[in-house]
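Report on one structure; see the data block that follows.
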Amino acid sequence: MAAWAAGQQWSAAIHRARKVLQQTHTTPEVTLALFVLAVVSMGGFMFNHTLGIDDEFSLFPEGSGGTSGIPWFSQGRFLIGIIQLAIPQQVTPFFPYLLLALSYVASYILLLSLHGLKHSWKTNLAYIIFILFPTNWLSQEFVINVPGFAVGLFLSILAAWITDNKIKASPRIGFSAGSIASIFCLALAIGGFQSLITVYLAIGPGVVLLRRLSSGASIEAEVHHPRYLTRMLGVWFGQAVAAVVLHTVIYKLYLSLSGAQVHQIDRYFRSPYFMLRTQPVDYIRGNFEQLFQTYLTPGVFYGHSLWAFTVLLLGIPVICLLGLRRQSQNLRSTFVDHQSTGKKLRTTLALTLLLLAIPLSLNIVSMPYRIPMRALMALPYVAWLASCIWLHVQPSPARKQIIIAGAVLSAVLAVQLCICSSSYYAARAYNNRSDQLVAATIASALAQSGASNSGPVRWFASQGALQRYSPYKVAWYSTAGSSFFNWDNGNSERMIRWLKAMGIGGLKAIPESELDNYSIEFNRMQTWPLPGSISVKGDKLLVKFSEPVVGSVAPGSPAWRAGIESGTRILEVNGAKIASFEYIAQEVALAPPGSTSLLVQ
């Protein structure tokens, strides 16, 4: 009986999949074209492999804990941990990005079905925008994360597709087989990347918005009714809350059973309450500033101008006005509850503002600029939707002109995104070659010291972080513009693993409790790349990349409240000269609250 029921469900799933393919006019030729475009968009990763930040912990996980060296389960990202347990893999470029290309194709077909669209030159142009948007690239640069991102992206859009079909059948808040399936898929997606929930949330108002404005989407008269919108969004957001609860229960259950400690996930959400109590104006202003910069001056974040993205978004209110006036004339005879064009316009603009706010929602519940740019995963969908609204505008006197303008803007944006990706790939390769040069220099110093040392070098310590100018522009929080020798303001564990990847093994980090013993030696040394920046004495290797200088200061942090700015050089802590940033953290942690004194320059 159970086998028969499972067979029936499998047959129903196959039938629904075929129906989606028919509705979207998906053919093998179209599928192959979408797959090739996805592979080409990730060519810099697949065919020019370079190690990125965190890859070193996956290559050499010893002593770092967790699956593949990274504690996925204690980060709440159990989907990546499950994938690693089921299909163990090292940092290799082919399989993860091949899986992501397949995910892009499957997810995009579902996305078209969700919005009532079909494959055409319009949707193919928008597809290029969807896969090339920089926040996707920022998620792809961590190779070990890519399988989780690929599966999670598909599950989040599948959850949205299931939710939309449930609402079409019965737009009421409540549990059913469909809602349970949607909640489960979304909880798994959150277990891949927590920020994928914003993709699901953005699709809700996005679907309604496109149906209200598009001639290519299926339009029902009730999508204009406020009660329908309230019920629809209530179901959508209610299931998102249920998925977050389910993910939290699984996460807490794992922590309880394993005895593991929370890793990273909590640090992003510690500050908003403090800011709301002490700097509410700064908190509100910071969120509005980030909202405006994200959509009006996106080049600030991505290193390259994306003015076409801004124009596509700013044109939506005009399209709303033109489309709703036309719909008002067509639907006046069928609506019992008549609405004025102005009221429809306000409702549509409210949906648009909600759509624009959702990608930044994690920053709102954290603090401004706190969440990395790769967490704004709903932005590719917003850009895609803006392009589709222009290209599928409702019949109006200016419809032809709007479609032509939308095609030009979408093509310009696609070119701008290609330029962004090319610059990121170039920066990644440039920094990787430069890091190889640093490793070769250290290897040369070790070789030269071999004759005078009686035994091998076993211990390593560094001061500061490598200061390097990159000729290529990159996005905020991107590892493409960074080095293994400057990430985390200089992390000896990362450096040791990178050196091991370059063939320099056998090194261990000098314990933090002993670093102050080397402060005098570090003070005597020159900074990189001057002669004397590398010191090999006995079994100790010391490298001085820079004086201890503050990199970035988070708003609301103790350093921020103390007036410390980026670039500040810290000379002493509580009257003692420092050897590294680890020493600063140790002294501050051991000192009584409010008693720490810093000598800065």
Which of parallel (below 30°), tilted (30 to 60°) and perpendicular (above 60°) describes Phe309 and Tyr295?
tilted
Centre-to-centre under 6.0 Å for Trp137 and Tyr425, is that the case here?
yes
State, with a plain yes or no, whether a side-chain heavy atom of Ser156 is found less than 4.5 Å away from one of Ile197.
no
Measure the shortest side-chain to side-chain distance between Gln526 and Pro531 over non-hydrogen atoms and say whether it is less than 4.5 angstrom.
no
Is it the case that the side chain of Asn136 and the backbone of Leu132 share a donor-acceptor pair, with hydrogens and angles ignored and the cut-off at 3.5 Å?
no
Steps toward side-chain contact (heavy atoms from CB on, under 4.5 Å) verdict (Arg428, Glu141)
CA-CA 9 Å; Arg428 186 180 173 98; Glu141 64 182 346; 3.6 Å; yes
Counting N and O atoms only, with roles assigned by atom type, does the side chain of Lys544 sit under 3.5 Å from a partner on the main chain of Ser533, one being a donor and the other an acceptor?
no
Do the side chains of Tyr104 and Leu153 get nearer than 4.5 Å, heavy atoms only?
yes
Intermediate values then yes/no, ring pair (Phe, Tyr, Trp, His ring centres under 6.0 Å), Phe545 and Phe485
CA-CA 8 Å; Phe545 290 108; Phe485 299 100; 5.4 Å; yes
Return yes if some donor-acceptor pair links the side-chain N/O of Thr198 with the main-chain N/O of Ser195 below 3.5 Å, else return no.
yes
Measure the spacing between CG of Leu507 and NZ of Lys540 and express it to the nearest 0.5 Å.
12.0 Å
Evaluate whether atom CG of Leu530 has more than 12 neighbouring non-hydrogen atoms of other residues, nucleotides or ligands under 6.0 angstrom away.
yes
Would Asn431 and Ser483 count as having a side-chain donor-acceptor pair, cut-off 3.5 Å?
no
Report yes if the side chains of Trp459 and Leu541 come closer than 4.5 Å at any heavy-atom pair, otherwise no.
no
Output the distance between atom CD1 (Ile534) and atom CE (Met525), rounded to the nearest 0.5 Å.
7.5 Å
With the side chain counted from C-beta on, respond yes when Lys500 and Ile496 share a heavy-atom pair under 4.5 Å apart, and no when they do not.
no
Tell me if the centroids of the rings in Tyr424 and Tyr302 come within less than 6.0 Å of each other.
no
For Met377, is there any backbone N or O sitting under 3.5 Å from a side-chain donor or acceptor partner on Thr135?
no
Would you call Gln463 and Ser546 a side-chain contact if the rule is heavy atoms closer than 4.5 Å?
no
Would you say the side-chain atoms of Tyr97 pair up with the backbone N or O of Gln140, donor to acceptor, closer than 3.5 Å?
yes
Taking side chain as C-beta onward, heavy atoms only, is Val39 less than 4.5 Å from Phe35?
yes
